Amino acid sequence: MKYIACLFVLFFASKVSAQKVFSAQYANQADVKVYVVQYENQADLKVYKVKYENQAGVNNGKWFFTQYANQAKKKIYFVDYPNQADIKIYFVDYENQAGWRNKEKKHLMY
């Protein structure tokens, strides 16, 4: 019985802490404003887009984009200029490249 209870807790704990994001249509709907930079060294966060929800990380740059806002942990809005952004991101090609470059802004995605 304890084994089943532990599995149950671990399963739901992993679901709650996943980094699921929703791309909002308007800035006032978003929790965080994001700007996509051209070069990796300009970014606060290097992001890898995962294909499946269960692959999403815990604030480590592995993002799963949800279809609906109520499924996401954070709502983001992509801004047009870097000075409008809370964080600057760079999309990487490989999962092991994802992660924070500027840990001072890490709190914005919790």
Side-chain angles (χ1 to χ4, degrees):
M1 184 67 183
K2 286 183 183 181
Y3 180 74
I4 293 172
C6 287
L7 284 176
F8 184 77
V9 169
L10 288 174
F11 176 76
F12 283 104
S14 66
K15 288 291 185 189
V16 171
S17 61
Q19 195 68 39
K20 297 183 286 186
V21 296
F22 175 76
S23 182
Q25 193 171 4
Y26 301 104
N28 64 351
Q29 297 171 334
D31 300 318
V32 180
K33 294 179 191 125
V34 174
Y35 180 76
V36 180
V37 295
Q38 266 189 320
Y39 303 103
E40 186 176 338
N41 64 348
Q42 298 171 326
D44 299 316
L45 174 63
K46 296 182 288 181
V47 174
Y48 178 75
K49 292 195 299 187
V50 297
K51 293 181 183 178
Y52 304 103
E53 184 177 342
N54 64 349
Q55 295 173 322
V58 182
N59 201 7
N60 62 357
K62 297 175 188 170
W63 286 4
F64 176 76
F65 284 85
T66 63
Q67 193 171 1
Y68 302 104
N70 63 350
Q71 296 171 331
K73 183 171 182 186
K74 286 289 180 182
K75 293 183 263 322
I76 61 171
Y77 178 75
F78 290 98
V79 295
D80 296 326
Y81 302 101
N83 62 343
Q84 298 172 324
D86 298 320
I87 61 171
K88 298 172 190 162
I89 66 167
Y90 179 79
F91 286 105
V92 295
D93 296 324
Y94 302 102
E95 188 174 350
N96 64 344
Q97 296 174 318
W100 285 95
R101 294 191 74 245
N102 183 357
K103 295 192 190 285
E104 293 175 3
K105 298 194 176 186
K106 196 172 186 175
H107 70 279
L108 293 171
M109 293 305 292
Y110 273 114

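What you see is a predicted model; the values in this text were computed from it and never measured.
Residues that satisfy the side-chain hydrogen bond (donor to acceptor under 3.5 Å, both in side chains) test with Asn102, not counting sequence neighbours, are Asp44. For Tyr77, the side-chain contact (heavy atoms from CB on, under 4.5 Å) partners are Ala27, Ala30, Val79, not counting sequence neighbours.
In terms of hydrophobic clustering, with Ile, Leu, Val, Met, Phe, Trp and Tyr side chains grouped at heavy-atom distances under 4.5 Å, Tyr48 and Ile76 are assigned to different clusters.
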May I have the list of side-chain donor-acceptor pairs in residues 84-100 shorter than 3.5 Å, sequence neighbours left out?
| from | atom 1 | to | atom 2 | distance (Å) |
| --- | --- | --- | --- | --- |
| Gln84 | OE1 | Asp80 | N | 3.4 |
| Gln84 | OE1 | Tyr81 | N | 3.2 |
| Asp86 | OD2 | Lys33 | N | 2.9 |
| Glu95 | OE2 | Lys62 | NZ | 3.3 |
| Gln97 | OE1 | Asp93 | N | 3.3 |
| Gln97 | OE1 | Tyr94 | N | 3.2 |
| Trp100 | NE1 | Asn59 | O | 3.1 |
| Trp100 | NE1 | Asn59 | OD1 | 3.2 |

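Rounded to the nearest 0.5 angstrom, Phe22 CZ and Phe65 CZ are separated by 11.0 Å. To the nearest 0.5 Å, the span separating CD on Glu53 from NZ on Lys20 amounts to 4.0 Å.
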message: For Gln19 and Lys74: C-alpha separation, side-chain torsions, deciding distance, then whether side chain to side chain contact (heavy atoms under 4.5 Å, CB included) applies.
response: CA-CA 8 Å; Gln19 195 68 39; Lys74 286 289 180 182; 4.2 Å; yes
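Side-chain contact between Met109 and Val32: present, with at least one pair of heavy atoms (C-beta onward) separated by less than 4.5 Å.
Across every non-hydrogen atom of Ala72 and Val21, the tightest pair is CB-C, 3.7 Å. Contact between Phe64 and Ala56 at its shortest, heavy atoms only, is CB-CB, 4.0 Å.
The number of heavy-atom neighbours closer than 6.0 Å to OH of Tyr68, taken from other residues, nucleotides and ligands shown, is 12 or below.
Not one N or O on the side chain of Arg101 forms a donor-acceptor pair closer than 3.5 Å with the backbone of Lys46.
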